[in-house]
Amino acid sequence: MAKDKKKLVEAITSRDKDFTQWYTDVVTKAELIDYSSVRGCMILRPLGNALWEAVRGGLDRRFKESGHENVLMPMFIPESLLQKEADHVEGFAPEVAWVTMGGGEVLQERLAIRPTSETLFCEHYAKVVQSYRDLPKLYNQWVSVVRWEKTTRPFLRSLEFHWQEGHTAHENEADAMEETLRMLDIYRDFVKEDLAIPVIQGRKTDKEKFAGAEQTYTIEAMMHDGKALQSGTSHYFGDGFARAFDITYSDRENKLQYVHQTSWGMSTRILGALIMVHSDDSGLVLPPRIAPTQVIIVPVAQHKEGVLEKAREILATLKAAGIRVKLDDSDKSPGWKFSEYEMKGVPLRLEIGPRDIEAGQALIARRDTGTKEAFAISELAEKLPQLLETMQADLLARATESLNSRIYEAKDYDTFKELIAGKPGFVKAMWCGELPCEEKIKEDTTATSRCIPFEQEQLADTCVCCGAPAKQLVLWGKAY
RNA sequence: CGAGGUGUAGCGCAGUUGGCUAGCGCGCCUGCUUUGGGAGCAGGAUGUCGGGGGUUCGAGUCCCUUCACCUCGACCA
């Protein structure tokens, strides 16, 4: 047993020894993705894609419940269209992929492969919005976009990535701002309830905000190594894009007005967070609500009379109870199957063998704690859904404890630098609101401002960096 | 894009101052025996040594060049 255990541990790099290598190992060995022949582009394999489908399902339901509709825009953006909003082009131009040929001929105007679709939505809104009666427009699309990044990592940063982008148009500032914050709450609720990931909500500093936005709001999550991952953003555009794209409508007094807009997105990057928050040295750990398979049945001594029959009977019972369950009756050894489904993060494993059948029970092993417990076969349909819910809640509790215990406070710059250098996690500190301090902090420590949290405190009266009067509390950290 | 590193079978690697028919482990295939934590035995298949060029009687090994990937920075969801 000790020998086998060792073999298993050697299969992936230890999480605490080399976190980034551990991440790469989990992503590939759990068969979430494979690399493709184009640099920085990844293949989502069945399990990786199933997770993305689950994320889509959870978000899409919430979007629709809050009145949004899905559309699909083209993937090409003519160069002239992309250039209409100055800040926006400036932000994205360096990483755009261009199509210059079509059908063997050079195009008159080159086409950008969308890095994001604000411009396409704006062009469309300019056409279809005439009256206040046409508002609001609450559109979303599920697509992939391309950004020519210099370095890439599976899920965290790839040339092509899948996401949803919501783009809305409203009558006025108040409506648009309400929408911006509503979507940020939806993101927070989704990752908390479905992915068991706690986040901190806040506003981005001007330096970190989206190209073309007036305000950018974010949910920031903390990975197991203490680094931050921006996990979803919601932008308030004011009427900046509306002026650039001439999106106007006649209001109730028959006066011509510009619309006020928002956009918001969550990408496959969130799967990186899912991995880096919950998983361990045995591989992936999936919260039950997002797990494509919640229970894996592993028969033991399956060649013996009655074992497979009982396993199939339990399979049918659990399916009927609404559990996503599978039976592995392949001829691999039980030990192999144990390790395999641990690597793939299946929340519960059900072992059933001749001894169990005789006792009228089955063994249930939890993926997150590793504990094994016997349950009466007759009670499985009732008890397992409860156990899945318990596990979901435990994962969130553990992640919340991990987040809260690693948020530190700094009132002076020496303490700040020591914390950033010595303690993985976030640091709360007061800020004067000026760019030079933000840049200096980044240069000195490599930490960036993650957000200006909604939950403000008056830690001190002066900026942690320059000593000038402080304007607000900022959350700092090293980020992915 | 800067600095460093790695490319040899599906995966992980060894390959000596340049020398014979390029090896090992895992995986894969076949058969038998097995089955409560990655099973055992026997047999079998798999290589443009990342690509191109050069030096040499002879290159996986030396030189030039190019490509890809990884790590750390700068940029981003």
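Reminder, nothing fancy here: chain letters follow the sequence lines and each chain counts from 1.
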message: Classify A/Pro94 by what it touches in the nucleic acid, base, sugar-phosphate, or nothing, heavy-atom distance under 4.0 Å.
response: nothing
- request: Report the C-alpha separation of A/Phe92 and A/Phe210 in whole Å, then their side-chain angles, then the decisive distance to 0.1 Å, and conclude whether the ring pair (Phe, Tyr, Trp, His ring centres under 6.0 Å) test is met.
  value: CA-CA 10 Å; A/Phe92 282 100; A/Phe210 179 81; 5.5 Å; yes
task: Please indicate whether A/Lys417 has more than 12 foreign heavy atoms, meaning atoms of other residues, nucleotides or ligands, lying under 6.0 Å from its NZ.
output: yes
- request: Could you tell me which residues satisfy salt bridge (Lys or Arg N to Asp or Glu O under 4.0 Å) with A/Glu165, sequence neighbours excluded, listed by chain and number?
  value: none
- line: The Watson-Crick or G-U wobble partner of B/U61, with both key distances under 3.5 Å, is none
message: Check for me: is A/His303 stacked on B/U34 by the 5.5 Å centroid and 30° plane-angle rule?
response: no
- request: Give one of base, sugar-phosphate or nothing for A/Gly272, where a contact means two heavy atoms less than 4.0 Å apart.
  value: nothing
message: Over all strands shown, is A/Asp331 touching base, sugar-phosphate only, or nothing at heavy-atom distances under 4.0 angstrom?
response: nothing
message: Which nucleotide, if any, forms a Watson-Crick or G-U wobble pair with B/U55, using both distances under 3.5 Å?
response: none
field: Pairing partner (Watson-Crick or G-U wobble, both distances under 3.5 angstrom) of B/C32
entry: B/G40
field: Sugar-phosphate only, base, or nothing, as touched by A/Gly265 at under 4.0 Å among non-hydrogen atoms
entry: nothing
message: What contact category does A/Leu363 fall into here, base, sugar-phosphate, or nothing, at under 4.0 angstrom with non-hydrogen atoms?
response: base
message: Classify A/Gln302 by what it touches in the nucleic acid, base, sugar-phosphate, or nothing, heavy-atom distance under 4.0 Å.
response: nothing
task: Tell me the partner of B/C1, counting only Watson-Crick (N1-N3 plus N6-O4 or O6-N4) or G-U wobble (N1-O2 and O6-N3) with both under 3.5 Å; none if nothing fits.
output: B/G73
- request: Tell me what A/Gln230 touches on the nucleic acid: a base, only sugar-phosphate, or nothing, going by heavy atoms under 4.0 Å.
  value: sugar-phosphate
message: Can you confirm whether A/Glu90 is buried at CD, in the sense that more than 12 heavy atoms of other residues, nucleotides or ligands lie under 6.0 Å from that atom?
response: no
- prompt: Base, sugar-phosphate, or nothing for A/Thr268, non-hydrogen atoms under 4.0 angstrom?
  reply: nothing
field: Base-pairing assignment for B/A68 (Watson-Crick or G-U wobble, both under 3.5 Å)
entry: B/U6
